[in-house]
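Naming: A, B, ... by sequence-line order, numbering from 1 per chain.
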2 protein chains.
Amino acid sequence: MAKNDEVCEIIYVDEKKVKKVQKEMLSEEDTETISGIFKALGDLTRLKILYALSKEELCVCDLSSLLGITLSAISHQLRILRNLKLVKSKRRGKIVYYSLANDHVLSLLHVGVKHAEES
Amino acid sequence: MAKNDEVCEIIYVDEKKVKKVQKEMLSEEDTETISGIFKALGDLTRLKILYALSKEELCVCDLSSLLGITLSAISHQLRILRNLKLVKSKRRGKIVYYSLANDHVLSLLHVGVKHAEES
DNA sequence: TGAACAATTGAATAATTATTCAATTATATC
DNA sequence: GATATAATTGAATAATTATTCAATTGTTCA
């Protein structure tokens, strides 16, 4: 039996097509950036945070109360979202308010909701 | 010191705002569907598969060759994408061809690319 | 019918990552 | 300055998940 745990090198591959697509692929760097964004939205807690922030600017404590998740967990996730430039923060006195950093996140949320509605 | 590992119940929470947002939140079911889609796009291998399929209809062996990943790994990921209705398959003889299931995926990829370009 | 090929699948392992707990930082107020 | 509050952080644990390996299914063609 042929080993099937190897990368495919068999003759029937449509080389021309594969080479064409290979040229059109994104760089590894871009791919990682993009998958990073989607990974962020792929976690239930982070998705809820982002969706909530799409409705209102909120502080960590509001988010904790709203989602029933500890302050620490919220804060850890917010840091990830901040590093990805998906949310921004603004301190007013003791309280740090979070909001969405740009419209891309909003677009992504909308497309996501639309897909969910139709399936 | 106050315990900070509990869900926030402190007085300063803006209850009115929180209640308002609570009403606007998505159902748990929808949230899971949507985060499922993003989770799918959040994996490097799956993102590459989807991006490749956005350019051309391809078989498992083409994808394996294109991405340098074993047939088995590709197939496992394709199953996940199929279950989420992100890709569809069509058998022609021995070969199974995969393509994107709908335009939402394409929209998501485009927004992702745009965000990556701008950051 | 049997041999070869394309793809799928299940179980195990390896790697990643979300959450918790405890401690710490930053700001405001008494 | 001391105290309380809001948020962040690091380390450890628990849970999730991508990949590999081996076996199997479905199809074609000699």
Side-chain angles (χ1 to χ4, degrees), chain A residues 1-14 18 32 35-36 38-49 57-84 87-98, chain B residues 1-14 18 32 35-36 38-49 57-84 87-98:
Chain A
M1 187 205 295
K3 268 205 125 183
N4 85 4
D5 57 345
E6 296 285 335
V7 169
C8 191
E9 296 168 350
I10 306 170
I11 303 126
Y12 79 90
V13 171
D14 186 336
V18 169
E32 274 173 26
S35 91
F38 288 125
K39 196 175 290 182
L41 288 145
D43 175 73
L44 269 180
T45 298
R46 286 190 297 259
L47 181 62
K48 287 176 188 171
I49 290 174
E57 177 183 78
L58 294 164
C59 68
V60 184
C61 191
D62 287 336
L63 284 166
S64 168
S65 168
L66 174 67
L67 304 178
I69 296 170
T70 63
L71 281 170
S72 179
I74 296 277
S75 191
H76 277 294
Q77 299 306 338
L78 281 172
R79 183 166 48 143
I80 293 172
L81 296 174
R82 233 187 303 124
N83 290 342
L84 290 167
V87 305
K88 63 186 178 206
S89 63
K90 178 164 40 172
R91 182 180 274 275
R92 284 205 286 277
K94 274 193 284 201
I95 299 180
V96 178
Y97 288 93
Y98 280 86
Chain B
M1 185 206 296
K3 270 205 126 185
N4 83 4
D5 57 343
E6 296 286 333
V7 168
C8 191
E9 297 168 351
I10 306 171
I11 303 125
Y12 82 89
V13 171
D14 187 335
V18 169
E32 275 174 25
S35 90
F38 288 125
K39 195 175 291 181
L41 287 144
D43 175 72
L44 270 180
T45 299
R46 285 191 297 261
L47 182 61
K48 287 176 188 170
I49 290 174
E57 177 184 78
L58 294 164
C59 68
V60 183
C61 191
D62 286 338
L63 284 166
S64 168
S65 167
L66 175 67
L67 304 178
I69 297 170
T70 63
L71 282 170
S72 178
I74 296 277
S75 191
H76 277 296
Q77 299 306 338
L78 281 171
R79 183 165 50 143
I80 293 172
L81 296 173
R82 234 186 302 124
N83 289 342
L84 289 168
V87 304
K88 62 187 179 205
S89 63
K90 180 166 39 175
R91 181 182 275 275
R92 283 205 287 278
K94 276 194 282 200
I95 299 179
V96 178
Y97 288 93
Y98 280 87

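- When distances are taken from the side chain of A:K94 to each of C:dT27, D:dG10, C:dA11, the shortest belongs to C:dT27.
- Judged as a salt bridge (Lys or Arg N to Asp or Glu O under 4.0 Å), and not counting sequence neighbours, the contacts of A:K48 are B:E28.
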Quiz: residues 74-84 of chain B side-chain donor-acceptor pairs under 3.5 angstrom, not counting sequence neighbours:
from, atom 1, to, atom 2, distance (Å)
B:Q77, OE1, B:R46, NH1, 2.6
B:R82, NE, B:Y98, OH, 3.2
B:R82, NH2, B:Y98, OH, 3.3
B:N83, ND2, B:R79, O, 3.4

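- Taking 3.5 Å as the limit, the base of C:dT9 and the side chain of B:S75 contain no donor-acceptor pair of atoms between them.
- Applying the side chain to side chain donor-acceptor pair (under 3.5 Å) criterion to B:E32, with sequence neighbours excluded, gives no partner residue.
- The residue A:I80 sits close only to the backbone: its heavy atoms come under 4.0 Å of sugar-phosphate atoms, none of a base.
- Listed pair B:R79 / C:dT8 fails the phosphate criterion, with no side-chain N or O lying under 4.0 Å from OP1 or OP2.
- Within the structure, every pair that satisfies the salt bridge (Lys or Arg N to Asp or Glu O under 4.0 Å) test and touches residues 87-96 of chain A, not counting sequence neighbours, is listed here: A:E57-A:K90, A:E57-A:R92.
- Counting distance only, with no hydrogens placed and no angle test, the side-chain atoms of B:S72 and the base atoms of D:dT19 include no donor-acceptor pair under 3.5 Å.
- The overall bend of the helix from C:dT1-D:dA30 to C:dC30-D:dG1, read as the angle between its terminal helix axes built from five base pairs each, is 20° when rounded to 10 degrees.
- Side-chain nitrogen and oxygen atoms of A:R92 include none within less than 4.0 Å of the OP1 or OP2 phosphate oxygen of C:dT27.
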Any protein N or O atoms within reach of nucleotides 13-17 of chain C? Criterion: under 3.5 Å, listing atom names and distances.
from, atom 1, to, atom 2, distance (Å)
C:dT17, OP1, A:K39, NZ, 3.1

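- Backbone-only engagement by A:Y98 is indicated by non-hydrogen atom pairs under 4.0 Å involving sugar-phosphate atoms exclusively.
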